[in-house]
Amino acid sequence: MEITNTMLTNDQFFEERKNVLSQWKTGKFVNFDETVAYQKLIPNEKRFGNKLAKAKKEGITLIQPRAGVALHEEHIKLLQYLEDEGEADLLPTTIDSYTRLNRYKEAEAGITQSRETGRSMLNGFPAVNYGVDICRVVTSSLKNPVQVRHGTPDARLLTEISIAGGFTSYEGGGISYNIPYSKNHSLEKTIAHWQYTDRLVGMYEEAGVSINREPFGPLTGTLIPACISNSVAIIESLLAATQGVKDLTVGYGQCGNLIQDVAAIRSLNILMRAYLDRFGFTDVRVTTVFHQWMGGFPQDESKSFGVISWGAAAAALAKVTKVIVKTPHEAMGVPTKEANAAGLRATKQVISMLKDQDFLEIPAVITESEIIMSEMKCILDKVEELGKGDYAMGAIAAFEAGVIDVPFAPSRFNAGKVMPARDNDGAIRLLEVGNLPFTQDLKDYHKRKLEQRGAFEKRPVSFQMVIDDVYAIGKGFLVGRPKKH
Amino acid sequence: MEITNTMLTNDQFFEERKNVLSQWKTGKFVNFDETVAYQKLIPNEKRFGNKLAKAKKEGITLIQPRAGVALHEEHIKLLQYLEDEGEADLLPTTIDSYTRLNRYKEAEAGITQSRETGRSMLNGFPAVNYGVDICRVVTSSLKNPVQVRHGTPDARLLTEISIAGGFTSYEGGGISYNIPYSKNHSLEKTIAHWQYTDRLVGMYEEAGVSINREPFGPLTGTLIPACISNSVAIIESLLAATQGVKDLTVGYGQCGNLIQDVAAIRSLNILMRAYLDRFGFTDVRVTTVFHQWMGGFPQDESKSFGVISWGAAAAALAKVTKVIVKTPHEAMGVPTKEANAAGLRATKQVISMLKDQDFLEIPAVITESEIIMSEMKCILDKVEELGKGDYAMGAIAAFEAGVIDVPFAPSRFNAGKVMPARDNDGAIRLLEVGNLPFTQDLKDYHKRKLEQRGAFEKRPVSFQMVIDDVYAIGKGFLVGRPKKH
Amino acid sequence: MNQKTIVTGVIGADVHAVGNKILAYALEEAGFKIVNLGVMVSQEEFIEAAIETNADAILVSSLYGHGEIDCHGLRDKCEEAGLKDIPLLAGGNLVVGKQNFEDVEERFMQMGFTKVYPPNTQLETTINDLNILFGK
Amino acid sequence: MNQKTIVTGVIGADVHAVGNKILAYALEEAGFKIVNLGVMVSQEEFIEAAIETNADAILVSSLYGHGEIDCHGLRDKCEEAGLKDIPLLAGGNLVVGKQNFEDVEERFMQMGFTKVYPPNTQLETTINDLNILFGK
Ligand code: B12
Ligand code: B12
């Protein structure tokens, strides 16, 4: 299967669509024209893209939780609670893991078991099983825009049902919802699946209905160097724009060093615009999303508030358009609605307090972002070279060659040679560069930074640092220092 | 009564001491020599100054709560809880308000009523009523150093009992425990009272027992410009050093703009050392304390966690030696031990995560700190001039002339002409300069900064901004914007 | 032209001045005649001022936690001094710690207060309630 | 030289790879022979691997919340496949949400697990318990 970064033809698309809509019984109730009419009735302030554009213009940061439960009545109550008590500006519908893997029968069993036990036995909302009408009941019961958030390698049917169901934003991408979320899906396949999703969004856009699209920035959420996630974001944005997507939100997962986090957003802002423009997508709107720390959390709820608030602070100082909020239950399990609202309120307080402070142009941030941008350019140039100018082919080849390589990813299509570790200031550097196509200067820079840490800690630079860093925030630190330090 | 900044003679001191020790029945059990022997038995790691010195050397920030209840058994349990469950590095004993005003009879009634009702009817621990032995039971039941924190204009007896009771640090000063904490005490009186306290500490120091002394930095805790609190800190430090104090911790209350907060600490560090050295106090050790936001808090506990964590972040980035921690109950009342420990743990998480990041030398901080230092120099030069070189006389004259003027202070010896307000970035500027001896350049700077805000908010610069700013953090913001902005 | 006179102050050994200053300013702006005694005001001072200015209400603040002790007996002293049925309002952080407000209200009502307010009472509420109290 | 063999993996549709990678690395460092199946492992794959490698224990991770559904019946299938009494250990975030761990433990013990671990179980605990299990 050869895949190129070109817009799907109507023939290709509608041929595939028949198949997609028959994957589960709810597919047959999706109707494009009727959906266009339905979506056009959704008031402006409840459209995701509009609210983001307004926030961007005003220079403020919106807050959004993650949330989803098995039973739709409970799901509505949950989301209403989060907008009323959590002061959420944007709402999610997090999809359960069976749906993410197209295991609709198991999801059905999960719904049944949840009704029986009175506990949500699914870790999210099984939108496909519920189908268009129930999704519309959900989206129309809320005051704020709602987005589908998931982690689905083949999300074609889910996309059809979500948009028909009144959602106005959709997360994911052929790389970002494959490599961290799958073991066996090839990139050829998932990029093709997401071309379908993006083309569908493009067709709605052409019909006058704009659906916001958000590549998943944080990848595996664990010590991901900004150059890697930013490069993936740019590639997925180019792929989406090629299919006609016009409204993009690109993201990044917090690492914890403030300078580096703000620099990551700065470099994402600059190069994203540059690449879109270069390929003629000057009319594509771009907003940004910052994810509060996505790796292991502390067990203690008060300490979690500390982590959450620090994420909120970095988001505000980086002037992102929205921030995805964690909860004080993060280390334990899917949060109660109270815990979820608590994380939101802590975040809202910090975000609002800091909204008039801006760190994007301080010298240390500029310096760090220039490093990130040269790393990104190394990667993206090589992707372009490998794909002979085609970013779909280039991405596939790049993963094969380890030119893009996501730490801790479960996918067997990921090289897994790159190893990140924190430097002495807590910024993320590379202990193993693997096949990332860095210049010697950049390689030396990473090496030097880690050797500084090694010297300070009086131990060799080794994989033990990586392990220590993975646990560090859960144990109350950023840098995983050796015991007795 | 004329007061000068000279060391009290032994005659003066011991004459006064007779009187002090007879102010309440527990005074007669204080014995200097026996206390020296007792204090010398306290292990090094439980001495306040030692722990601070160690932290300063290691570049880490310690955390300390406020806490005090009426009944001593309960007080011990409370402090043990805070070191065990709150991970407090340093412990407090917050004194009740009757004791602070030397109303020992009312404090006695408070103890009795507390025993009867089973609720603490006092807002702190009445150390004088309990006397030396019970204080020793308290201080020796704990693993960490303990400090007396209060707000007592005439703290002479309390100092005697505290040091004899095994406390190794003592907060306060003749200005900082008068102007924000009293209505009718003259500065002559309170400076004299605190010369006694400082001389007592000096005498212990000469006997080989070092007691840490901490002027109270935040003053009224509400929108205090750094130049004012820093100037008071320097004056009180010079007064203390003159009496023989050798171990000082100087403080500042968070304002909320990160650059300004770090700059305030930077300028305090630099000028404090310069002034002490200039007057020959090169052997006086200086450490720093940062107070998490001291003004009105949000009602909501989650939002309070946001405020607390932001304070922790600023403290860590400013590399202070310790941070005084608020609790999620702040807006409601004296916290439960659980709420107190929760604030501590959130703080500990942020402090530890950020310990390897340092903002003291970033250009924006340097610029802001240079402004603060020139303001401080204007004030301190004038104090010196008014006192003809004597900082005690100078301080008294300065308050009289409004050369030092603490916003929102209850004291009738405070001019009350200065009015602070936030600029468009949330930094604190002066709406009314009053009689602060600023250069025209500095005055223009403040004016310009507030006019920028006025223009942005499309309203005149006025007292309404001050009111809005007083409420802002409680309502979730830093800058008090007009409604519908 | 029927301007109401209100005595304000912070009772006892309490020095919390910020709310007092802002309250006095805002009530004046709202059209009341304010006799502000500032902080650390004794029961006697409240009563004296109320008699002297022929006040229509006494507005007692207490923030520091000793409000219950400090307010004890104020109503009786008012009656003794001839301030029959003068409205007594209390607000701030009246007791030590985060307590159930209904209980606190109950205790203060039994001490003879006319109306009792929880922490962080908004200026608008205060002004509104005073207008209602004076039948505006 | 009596090295114990342990099969590790993350069961069901679960892709949480970080803990699994580190667990496998640390157990190997601690001297066990590790057969790590990675993420998204079915019950059948666990059993096959255990038979093939003659394993001394199966260590099942589940993070994403569906652990209860995914682990249902594993013991029976082991017995059927002839893995009599093989130690079955489960850990991670086994159920949806923050639940009382005793209840969760109880439910998993009834499903035939040998030992059940709460969220954030430390590497040291895991290694220690395995050594005890194997009578070291
Ligand atoms: C990183 C992460 C992710 C990454 C994973 C990347 C990857 N491929 O590895 C991403 C972002 C992709 C992700 C996705 C999802 N996640 Co997730 N994730 C986390 C997070 C933050 C950290 C996990 C981690 O890496 N920890 C560090 C490692 C070292 O620790 P560990 O995994 O816990 O393992 C250690 C111990 O548990 C123990 N252990 C593990 N197994 C066993 C077994 C035995 C026998 C023993 C003795 C010990 C033991 O030893 C390990 C090593 O020390 C946790 C929350 C947390 N813990 O803070 C949520 C969490 C696990 N995720 C959760 C969920 C729901 C999801 C999603 C379904 C939805 C979503 N929120 O997006 C998807 C799942 C997709 C799928 N099909 O699996 C939930 C699970 C909820 C529940 N159980 O109630 C959690 C708890 C977050 C939450 N509170 O909601 N996630
Ligand atoms: C700033 C502050 C200080 C400053 C005060 C400076 C000064 N001289 O003004 C300093 C640092 C000096 C200080 C000292 C102390 N404080 Co103090 N302080 C505060 C704080 C943080 C804010 C108070 C404030 O200014 N709020 C802003 C103003 C605008 O609001 P307000 O005062 O609440 O008033 C408004 C309303 O309540 C209402 N209102 C007030 N009175 C009335 C009356 C009526 C009838 C009505 C209708 C409405 C009304 O209208 C006002 C205007 O909007 C509060 C906690 C908080 N709220 O976040 C603690 C707090 C009040 N302090 C407290 C304590 C215990 C103390 C100390 C005893 C000990 C200490 N912690 O150091 C000393 C007291 C010394 C003394 N003798 O009084 C406690 C009281 C505990 C309790 N009640 O259980 C609090 C609640 C903090 C806490 N949770 O522990 N404090």
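In this text, all values refer to a predicted model and were calculated from it rather than measured experimentally. Below, read A as the first sequence line, B as the second, and so on, with proteins coming before strands; counting in each chain starts at 1.
Only the side chain of Leu317(B) comes within less than 4.5 Å of a heavy atom in chain A; its backbone stays farther off. When heavy atoms are compared at a cutoff of 4.5 Å, Ile351(B) does not approach chain A at all. Contact annotation for Glu87(B): only side-chain heavy atoms (C-beta onward) come within less than 4.5 Å of a heavy atom of chain A. Both the backbone and the side chain of Asp425(A) come within contact range of chain B, each with at least one heavy atom under 4.5 Å from a heavy atom of that chain. For Val350(B), the part lying near chain A is the side chain, with the backbone staying farther off; criterion is any non-hydrogen pair under 4.5 Å. Using a 4.5 Å cut-off between heavy atoms, Ile362(B) contacts chain A through its side chain alone, with no backbone atom that close. Using a 4.5 Å cut-off between heavy atoms, Asn257(B) touches chain A through backbone and side chain atoms alike.
With chain A as the partner, the residue from Leu354(B), Asp358(B), Val479(B) showing the most heavy-atom pairs under 4.5 Å is Leu354(B). In terms of non-hydrogen atom pairs under 4.5 Å with chain A, the most contact-rich of Glu301(B), Arg422(B), Met353(B) is Met353(B).
With hydrogens and angles disregarded, no donor-acceptor distance shorter than 3.5 Å links the side chain of Gln357(A) to the backbone of Ile259(B).
For a heavy-atom cut-off of 4.5 Å, chain A lies close to Ala342(B), Arg345(B), Ala346(B) in residues 324-348 of chain B. Residues from residues 309-316 of chain B that place a non-hydrogen atom less than 4.5 Å from a non-hydrogen atom of chain A comprise Ser309(B), Trp310(B), Ala313(B), given in numerical order.
In plain terms, the two heavy atoms of Pro363(B) and Pro363(A) that are nearest each other are CG-CG, 3.7 Å.
Within a 6.0 Å radius of NZ in Lys475(A), more than 12 heavy atoms belonging to other residues, nucleotides or ligands are found.
Taking 4.5 Å as the limit, some side-chain heavy atom of Ile473(A) sits within range of a side-chain heavy atom of Gln349(B).
Between Asp356(A) and Arg481(B), at least one side-chain nitrogen of the basic residue sits less than 4.0 Å from a carboxylate oxygen of the acidic one, meeting the salt-bridge criterion.
Expressed to the nearest 0.5 Å, how far CZ of Phe305(A) lies from CD1 of Ile308(B) amounts to 10.0 Å.
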